[in-house]
A.B. asks: 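Have a look at this one before I ask anything.
Just so you know, ligand 1 is whichever comes first in the structure, and atom 1 is the first atom listed for that ligand. In this text the structure is predicted, and so the values were computed from the model without any measurement.
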Amino acid sequence: MLWKKSATALLFATGAASQNTTCKHCDESAHGFASLNGGTIGGKGGRTVFANTWNELKDYASRNGSLIIRVNGLIKSETRGYEIPIASHKTIIGVGKDSGLVGGGFAVKGTRNIILRNLQVSDTRIPEDWPGKGEDWDGIQVDTGFNIWIDHMKFARMNDGLIDLRRDSSYITVSSCIFSEHNKALGIGWTTNITAKVTINDNFFNSTNSRNPSADNLEMCHMYNNYFRNCTSYGTYARGHTSLLVEHSYYDTVFDPLVAGPNASIKANWIKFKHTEGEALLDVNSKKVFKASDYYQYSLRDPYDLPNDIPYFAGPQAEIGS
Ligand SMILES: *[C@@H]1O[C@H](CO)[C@@H](O)[C@H](O)[C@H]1NC(C)=O
Ligand SMILES: *[C@@H]1O[C@H](CO)[C@@H](O)[C@H](O)[C@H]1NC(C)=O
Ligand SMILES: *[C@@H]1O[C@H](CO)[C@@H](O)[C@H](O)[C@H]1NC(C)=O
Ligand SMILES: *[C@@H]1O[C@H](CO)[C@@H](O)[C@H](O)[C@H]1NC(C)=O
Ligand SMILES: *[C@@H]1O[C@H](CO)[C@@H](O)[C@H](O)[C@H]1NC(C)=O
Ligand SMILES: *[C@@H]1O[C@H](CO)[C@@H](O)[C@H](O)[C@H]1NC(C)=O
């Protein structure tokens with residue numbers, strides 16, 4: 001049995017020999033809060049493998065040790081809504097612009113040092129369940145996970161959250177992603193502890209009804225260069241004891257673009273509002289808010305450029321995974 005298993009693996013490796021086992025951007029590491037606490041390098045230093053099927057993706061994602069997994073094409077989940085668990089020290093990166101996982105998602109449960117890049121994750125939605133209450137079929141669900149970089153992904157039409165970062169998950173950066181056509185985009189919290197540190201930059205929140213994000217009890221939530229368009233219920237919500245620094249952002253056609261609960265604090269730095277209504281809280285106990293440049297370097301874009309630049313640069317890109 002064991003012999004047979006390794007023979008199959010060998011056969012697969014031989015069959016895949018014509019595929020490139022390196023890629024230009026497979027070794028990149030995270031910026032923002034994911035660059036602290038030892039850094040987020042994913043599978044750097046490990047082997048590079050190709051996942052062409054859902055079973056290969058599931059298998060590689062669960063392996064021990066460092067591994068760079070290149071997802072080749074759009075893989076269909078064989079179990080609708082199943083969230084593939086990811087073990088520590090993995091990079092999962094899409095080849096080209098049109099790779100990803102359809103009909104399922106990913107889960108991080110108590111593991112660390114994980115990079116997800118250049119993938120579309122979409123379409124677990126049950127058409128008659130727009131609120132997404134019936135099934136918990138997230139794009140990525142993270143429970144007590146550390147050092148995670150989610151970059152150039154596109155999340156759309158799931159059932160429940162596009163990304164849920166829960167139970168003290170921390171040192172996470174979400175950058176250059178598209179969140180689209182959904183009720184609950186990005187939720188952070190599900191804890192009474194105030195420890196989470198999250199960076200959210202250069203993302204496009206497009207026709208996302210709520211949670212852009214909903215950030216509950218974050219010690220530090222740093223958002224910059226984000227573009228929000230058509231968020232019908234609310235935009236960015238600092239809940240619990242969250243400390244939110246929001247910089248150089250553009251809210252277009254958003255109801256309640258910036259809201260805070262009674263114990264939260266918000267500091268804003270050059271926010272552009274267009275066709276917005278309701279609450280736009282720019283200073284809520286802002287003296288309590290942290291200074292991001294004490295922790296890492298970052299560069300701010302001109303908010304007026306965001307409607308043109310962000311939809312173009314966010315989401316999967318041909319050159320990243322090739
Ligand atoms: C392999 O790499 C070469 C050189 O970078 C590139 O031209 C080719 O398209 C790549 N093939 C695949 C399957 O990625
Ligand atoms: C992975 O490593 C852990 C801890 O060293 C071990 O308990 C587990 O059996 C390993 N799993 C596999 C699939 O090798
Ligand atoms: C809060 O932190 C404590 C101590 O680390 C831990 O036991 C508890 O599970 C955490 N609570 C939640 C909701 O994660
Ligand atoms: C933005 O949302 C609209 C639906 O409101 C959709 O038609 C369009 O494809 C989305 N754009 C992107 C880049 O996802
Ligand atoms: C705005 O988003 C909602 C979903 O929240 C969608 O039903 C509607 O079609 C979108 N409007 C436009 C103009 O894209
Ligand atoms: C505000 O924080 C205090 C102290 O943690 C807590 O007792 C109170 O319930 C909080 N208020 C709200 C509205 O959450």
A.B. asks: I'd like to know if the side chain of Tyr296 pairs up with that of His222 as donor and acceptor (distance under 3.5 Å, no hydrogens or angles considered).
C.D. replies: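 Looking only at side-chain atoms, His222 and Tyr296 do form a donor-acceptor pair, the distance falling under 3.5 Å.
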A.B. asks: Based purely on interatomic distance, does His182 place a nitrogen or oxygen under 3.5 Å from a nitrogen or oxygen of ligand 5?
C.D. replies: no
A.B. asks: Excluding sequence neighbours, so at least two apart, what forms side chain to side chain contact (heavy atoms under 4.5 Å, CB included) with Thr79?
C.D. replies: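 Side chain to side chain contact (heavy atoms under 4.5 Å, CB included) check on Thr79 returns Trp54, Tyr82.
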A.B. asks: Within the 4.5 Å heavy-atom criterion, are Val246 and Trp270 side-chain neighbours or not?
C.D. replies: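 No, every pair of side-chain atoms sits at 4.5 Å or beyond.
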A.B. asks: Which one of Tyr227, Phe205, Phe204 satisfies the ring pair (Phe, Tyr, Trp, His ring centres under 6.0 Å) criterion with Phe179?
C.D. replies: Phe205
A.B. asks: List in chain and number order the residues that pass side chain to side chain contact (heavy atoms under 4.5 Å, CB included) with Asp98, two or more places apart in sequence or in another chain; answer none if no residue qualifies.
C.D. replies: none
A.B. asks: Could you tell me whether Arg229 and ligand 4 have an N or O pair separated by under 3.5 Å?
C.D. replies: no
A.B. asks: Quick check: does Thr232 get an N/O under 3.5 Å from an N/O on ligand 5?
C.D. replies: yes
A.B. asks: Which N/O atoms of ligand 3 sit under 3.5 Å from a protein N/O, and at what distances?
C.D. replies:
residue: ligand 3; atom: 2 (O); partner: Asn193; partner atom: OD1; Å: 3.3
residue: ligand 3; atom: 2 (O); partner: Asn193; partner atom: ND2; Å: 2.3
residue: ligand 3; atom: 11 (N); partner: Asn193; partner atom: ND2; Å: 3.0
residue: ligand 3; atom: 14 (O); partner: Asp168; partner atom: OD2; Å: 3.1

A.B. asks: Examine the side chains of Ser175 and Asp151 and answer whether a donor and an acceptor come within less than 3.5 Å of each other.
C.D. replies: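 There is such a pair between these side chains.
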A.B. asks: Below 4.0 angstrom from a heavy atom of Lys154, which ligand 4 atoms are there? Numbered from 1 as shown, please.
C.D. replies: 12 (C), 14 (O)
A.B. asks: What are the atoms of ligand 4, with element, lying closer than 4.0 Å to any heavy atom of Asn206?
C.D. replies: 1 (C), 2 (O), 3 (C), 8 (C), 10 (C), 11 (N), 12 (C), 14 (O)
A.B. asks: Side chain to side chain contact (heavy atoms under 4.5 Å, CB included) with Gln317: which residues, sequence neighbours excluded?
C.D. replies: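 With neighbours one apart ignored, the set is Asn118, His152, Glu319, Ile320.
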A.B. asks: Judged by atom type as modelled, is there a donor-acceptor pair below 3.5 Å linking the side chain of Asp138 to the main-chain atoms of Ile163?
C.D. replies: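 No.
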